[in-house]
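Input: a single structure, listed below in structure tokens.
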Amino acid sequence: MVKVITYGTYDLLHQGHINLLRRAKELGDYLIVGVTSDSFDKNRGKLNVCNNVLERVEAVKATGYADEVIIEDYLGQKIDDVQKYDVDIFAIGSDWEGKFDYLNEYCKVVYLPRTEGISSTMLREEKNANYRIGVVGSGRIAYRFVPESKVVNGAEVTTVMNPYKENVETFAQIYGLRAYTDYDQFLQNVDLVYVASPHLTHYDYTKRALLADKHVLCEIPFMLTKKQALELYCLAEERNLVLMEASKTAYCPAFGHIVTLVKSGIIGDVVDVKASLSKMVVSPTRELDSEQAGGAMTEHSPLTLLAIIKLLGVDWKDVDFRSRVENGVDIYTKGVINYPHATASFTLGVGVKTEGNLVISGTKGYIYVPAPWWLTDFFEVRYEDQTKNKKYFYSYDGEGLRYEIREFVSMVVNNRRSCYKLRRRESVAIAEIIEKYRNHENVTEI
Ligand code: CTP
């Protein structure tokens, strides 16, 4: 019996897949089809697969060509499968010509003709209207956002706005975008708005975009008061629009897994969360400018508060801050947040350097996420009995902004107002703590 094996994602199964499976089956007597798992696709940067693995397996089975369907879950698995299933022929479409020659050592490799004019990517693009994203602001984060958006289907950055003509034109030229210095004109030419402007302008730009019926993704610090955050989430809800805080760590795969592992009790009851984040900067810069709401708290607390609030919730009892202030800006802030049955602290610096790690302590063990924890790609669950320790590794692709952009576009496409990765009430709680600090409540200078 001649055994053939082939692999693919088989998203939105189409005629090209069917032709390929038929040709592969014709090469032998028994066809094994490897369908990629959802996590494997995500890890290799395929972020926009529409059907989940069960749907894709069912679709492959329904073609009637597969004698057996297996799941492909890791890089290098093909070599294992070919040997494990005693495969004679590995077959794949000609778009992969040459890429699997290394399997010749284990079986015969055949590249089959690919069907022209159709692909899952094409179908996904047709399915998702291509939304026009407009970027407000052309600073450092905006420069990182545009390349990241290119790996997300369904939306494309087309437009940029900045009241300063020279800045906006340079940015527009680099990325081939339309440039505006007038916000109202800009709003008329976009579907989705990414607010990446100076902190103090977030509220106004976001509100005006919502009033113009645009969905908004707003950079951190999202809002500087609880009232602003609540008002804008209500406005978005009333107008049936997506409003999302661009807290990138919230949407990255490893951080999401830390939260679910903790919630499932792997380290027992959480008693303490410690999160630190420091980035040294040199004047003159926005981070050290009191007129632009600079300082460690506004710059860095949103991500550390995200970790604390995701893990311990929004029902904290009190919060207390210690800051080193220079020229009206906190170059270092330590905050302690007390909960009825737990405590949390965050340490932030723009002019003081600290170790940027995250430690979550529980009654059975703890989770250690090394610096820079906010770009999580690795963490370890540790116990008293070290033989039980477990390390977890993840991919954190590119600048990591692709995960939040994908979530934002998915919320718009699927008409979802809320996202469990960062709930609106959690985002409001973050704004409330920042507000307390800015109002000097329980702040002691050191
Ligand atoms: N395939 C094909 N003809 C097409 C599309 C895909 O022969 N028009 C083959 C691929 O070469 C591969 C198999 O179908 O052997 C599964 O490919 P997959 O990556 O799932 O399909 P694509 O449509 O290429 O998906 P994407 O656009 O996401 O890359």
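Everything numeric here is computed off the predicted structure, so don't read it as measured data. FYI, the numbering just counts along the sequence from 1. Counting convention: from 1, in listed order, for ligands and their atoms alike.
In this structure, Arg124 is part of the shell of residues with a heavy atom less than 4.0 angstrom from ligand 1. Residue-ligand proximity: Glu116 is placed with every non-hydrogen atom at 4.0 Å or more from ligand 1.
Residue Thr304 holds its OG1 atom at 14.0 Å from NZ of Lys274, rounded to the nearest 0.5 Å. Atom-to-atom distance recorded for Asp81:CG and Ile32:CD1 is 8.0 Å, nearest 0.5 angstrom. In this structure, Tyr233 OH and Leu210 CG are separated by 10.5 Å, a value rounded to the nearest 0.5 Å. Ser427 OG to Met223 CE: the interatomic distance, rounded to the nearest 0.5 Å, is 8.0 Å.
In terms of protein heavy-atom proximity, atom 27 (O) of ligand 1 is closest to Thr121 OG1, 2.4 Å. Nearest protein neighbour of atom 18 (P) of ligand 1, counting heavy atoms only, is His17 NE2, 3.6 Å. Atom 9 (C) of ligand 1 has its closest protein heavy atom at Leu20 CG, 3.7 Å. Remark: minimum distance from atom 19 (O) of ligand 1 to any protein heavy atom is reached at Lys46 NZ, 3.6 Å. The protein heavy-atom contact nearest to atom 20 (O) of ligand 1 is Tyr10 N, 2.8 Å.
Between Asp11 and ligand 1, no N or O atom pair is found at a separation short of 3.5 Å. By the 3.5 Å distance cut-off applied to N or O atoms, Ile92 is not counted among the residues near ligand 1. On a distance-only criterion, Ser94 and ligand 1 share no N/O pair closer than 3.5 Å.
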May I have the list of side-chain donor-acceptor pairs in residues 134-152 shorter than 3.5 Å, sequence neighbours left out?
{"unit_1": "Ser138", "atom_1": "OG", "unit_2": "Asn162", "atom_2": "ND2", "d": "2.8"}
{"unit_1": "Arg140", "atom_1": "NH1", "unit_2": "Glu287", "atom_2": "OE2", "d": "3.1"}
{"unit_1": "Arg140", "atom_1": "NH2", "unit_2": "Glu287", "atom_2": "OE1", "d": "3.2"}
{"unit_1": "Arg140", "atom_1": "NH2", "unit_2": "Glu287", "atom_2": "OE2", "d": "3.3"}
{"unit_1": "Arg144", "atom_1": "NE", "unit_2": "Glu399", "atom_2": "OE1", "d": "3.1"}
{"unit_1": "Glu148", "atom_1": "OE1", "unit_2": "Gly400", "atom_2": "N", "d": "3.3"}
{"unit_1": "Glu148", "atom_1": "OE1", "unit_2": "Leu401", "atom_2": "N", "d": "3.0"}
{"unit_1": "Glu148", "atom_1": "OE1", "unit_2": "Arg402", "atom_2": "N", "d": "2.8"}
{"unit_1": "Glu148", "atom_1": "OE1", "unit_2": "Arg402", "atom_2": "NE", "d": "3.1"}
{"unit_1": "Glu148", "atom_1": "OE2", "unit_2": "Glu399", "atom_2": "N", "d": "2.8"}
{"unit_1": "Glu148", "atom_1": "OE2", "unit_2": "Arg402", "atom_2": "NH2", "d": "2.9"}
{"unit_1": "Ser149", "atom_1": "OG", "unit_2": "Val146", "atom_2": "O", "d": "2.6"}

Can you give me every donor-acceptor pair (side chain of residues 369-376, partner residue at least two apart or in another chain, under 3.5 Å) with its distance?
{"unit_1": "Trp373", "atom_1": "NE1", "unit_2": "Ser276", "atom_2": "O", "d": "2.9"}
{"unit_1": "Thr376", "atom_1": "OG1", "unit_2": "Trp373", "atom_2": "O", "d": "2.4"}

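Aromatic ring pairs are classed by plane angle as parallel below 30°, tilted from 30° to 60° and perpendicular above 60°; the pair Phe100 and Tyr102 is tilted.
When Arg56, Arg114, Glu97 are checked for heavy-atom proximity to atom 7 (O) of ligand 1, Arg114 turns out nearest.
Under a 4.0 Å criterion applied to the non-hydrogen atoms of Ile118, ligand 1 contributes the atoms 4 (C), 5 (C), 8 (N). Near Ser119, meaning under 4.0 Å from one of its heavy atoms, ligand 1 places the atoms 23 (O), 27 (O). Near Asp95, meaning under 4.0 Å from any of its heavy atoms, are these atoms of ligand 1: 10 (C), 11 (O). Here is the list of ligand 1 atoms found below 4.0 Å of a heavy atom in Gly93: 11 (O), 15 (O). The ligand atoms of ligand 1 that sit less than 4.0 angstrom from a heavy atom of Ser120 are 21 (O), 22 (P), 23 (O), 25 (O), 26 (P), 27 (O), 28 (O).
At a cut-off of 3.5 Å, with distance as the only test, no side-chain donor of Asp73 or Gln77 sits close to an acceptor on the other residue.
Note: Phe40 and Tyr74 fail the aromatic proximity criterion, with ring centroids not under 6.0 Å apart. Ring-centre distance between Phe222 and Tyr203: not below the 6.0 Å cut-off.
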